[in-house]
Amino acid sequence: MLIDAMGKECPLPVIMAKKQLDMGNRSLVVKVDNEIAVQNLKKLGESMGILVEAKGENKEYEVYFKGEENSEKEKNADLKNTTETGFFIGKEHIGDGDKEFGMNLMKMAIYTLSEDERAPKYIFFMNGGVKLVSKDEQQVCENIEKMEQKGTKVLVCGACLNYYGMTENLGAGEISNMYAILSAMEECEKVVTL
């Protein structure tokens, strides 16, 4: 089945594909015109255990959902060292006092999470929080990568990156969208806002 999502910004291509997948159509081709949509469609397939392949360039991409399911063992292997908690980071500082002090507190919180034996299931970066995962914040990115190695999924709002002109400067985590982030939050037993 072909889904023409050309000219549609995320999360619309993801929602269109998910609707068909939920109806049992496991073999899909989704046409999109941007790399963020390609990445988000791949993540959708991964989250549903479906093999996905993308082809194309120059704002013309085709994303193929192969209909074959990954094994449950492979799908969940990277979650064994994680808790069922998600952390939402919507700004680059903790609290409402001094912003520089608040930013240092946020960086310390991320470091502390990275040192815990069991990492969070998810970390979500949105709005001003995406500034923490820029290539300029090397220490934060290293701590995020430590958690990813333990199985944490780090989802970074693609629309937020675009808004702040940071899409090319992402240093850690995966570009995501509102639909995928909200779906992932529903998987968590609890979501803590920092």
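Treat the numbers as computed from the prediction; the structure is a model and nothing was measured.
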Checklist line | Glu142 side chain to Gln138 side chain, donor-acceptor N/O pair below 3.5 angstrom | finding: yes

Check: Are Lys146 and Glu115 ion-paired here, with the side-chain N under 4.0 Å from a carboxylate O?
Finding: yes

Checklist line | Backbone of Gly129 reached by a side-chain donor or acceptor of Asn127 within 3.5 Å | finding: no

Item checked: Minimum heavy-atom distance Ala184-Leu155, with the two atoms named -> CB-CD1, 3.9 Å

Margin query: Taking Lys153 first and then Glu187, would you say they form a salt bridge - that is, a charged N and a carboxylate O separated by under 4.0 Å?
Written below: no

Item checked: side chain to side chain contact (heavy atoms under 4.5 Å, CB included) assessment of Met48 paired with Asp22 -> CA-CA 10 Å; Met48 297 184 77; Asp22 287 345; 3.7 Å; yes

Check: Checking side chain to side chain contact (heavy atoms under 4.5 Å, CB included) for the pair Glu46/Val52: CA distance, chi angles, key distance, verdict?
Finding: CA-CA 8 Å; Glu46 180 184 314; Val52 177; over 6 Å; no

Next item on the list: Say whether Asn34 and Tyr61, considering side chains only, have a donor N or O and an acceptor N or O under 3.5 Å apart.
Entry: no

Notebook entry, point to check: Any side-chain heavy atom of Gln20 within less than 4.5 Å of one from Met23?
Noted result: yes

Notebook entry, point to check: Which atom pair, heavy atoms only, marks the closest approach of Leu41 to Phe65?
Noted result: O-CZ, 3.6 Å

Margin query: Treating Asn177 as the side-chain partner and Ala180 as the backbone partner, does any N or O pair qualify as donor plus acceptor under 3.5 Å?
Written below: yes

Margin query: Please determine whether side chain to side chain contact (heavy atoms under 4.5 Å, CB included) holds for the pair Met147 and Val154, giving the CA-CA distance in whole Å, both sets of side-chain angles, and the decisive distance to 0.1 Å.
Written below: CA-CA 9 Å; Met147 287 185 272; Val154 180; 5.6 Å; no

Check: If Ile, Leu, Val, Met, Phe, Trp and Tyr residues are connected whenever their side-chain heavy atoms lie under 4.5 Å apart, and connections chain through other members, are Leu105 and Val192 in the same group?
Finding: yes

Checklist line | Least distance between heavy atoms, Ser47 atom then Leu44 atom | finding: OG-O, 2.8 Å

Item checked: Over all atoms of both residues, closest heavy-atom pair of Asp33 and Gly7 -> OD2-N, 2.9 Å

Notebook entry, point to check: Taking the side chain as C-beta and beyond, is there a heavy-atom pair between Asn162 and Ile36 under 4.5 Å?
Noted result: yes

Next item on the list: Verify the cluster assignment for Tyr111 and Phe88: are they in a single hydrophobic cluster under the rule of side-chain heavy atoms below 4.5 Å apart?
Entry: no

Notebook entry, point to check: Just wondering, do Asn143 and Leu113 contact through their side chains at under 4.5 Å, heavy atoms?
Noted result: no

Check: Would you call Gln39 and Glu174 a side-chain contact if the rule is heavy atoms closer than 4.5 Å?
Finding: no

Check: Is any side-chain N of the basic residue among Glu137 and Lys107 closer than 4.0 Å to the acidic one's carboxylate O?
Finding: yes

Check: Is the number of heavy atoms from other residues, nucleotides or ligands within 6.0 Å of CE (Met166) greater than 12?
Finding: yes

Item checked: Residue pair Val32 / Pro13: nearest heavy atoms and the distance that separates them -> CG1-CB, 3.9 Å

Item checked: Lys135 NZ to Glu168 CD distance, which is reported to the nearest 0.5 Å -> 7.5 Å

Note to self: Tell me the closest heavy-atom pair linking Val30 and Ala5, and the distance in Å.
What the structure shows: CG1-CB, 4.2 Å

Note to self: Working note: Lys150 + Glu117, criterion salt bridge (Lys or Arg N to Asp or Glu O under 4.0 Å); need CA distance, chi angles, decisive distance, verdict.
What the structure shows: CA-CA 9 Å; Lys150 295 177 189 176; Glu117 196 172 298; over 6 Å; no

Check: Val130 and side-chain contact (heavy atoms from CB on, under 4.5 Å): which partner among Thr167, Leu161, Asn169?
Finding: Leu161

Notebook entry, point to check: Less than 4.5 Å apart, any side-chain heavy atom of Val156 and any of Ser176?
Noted result: no

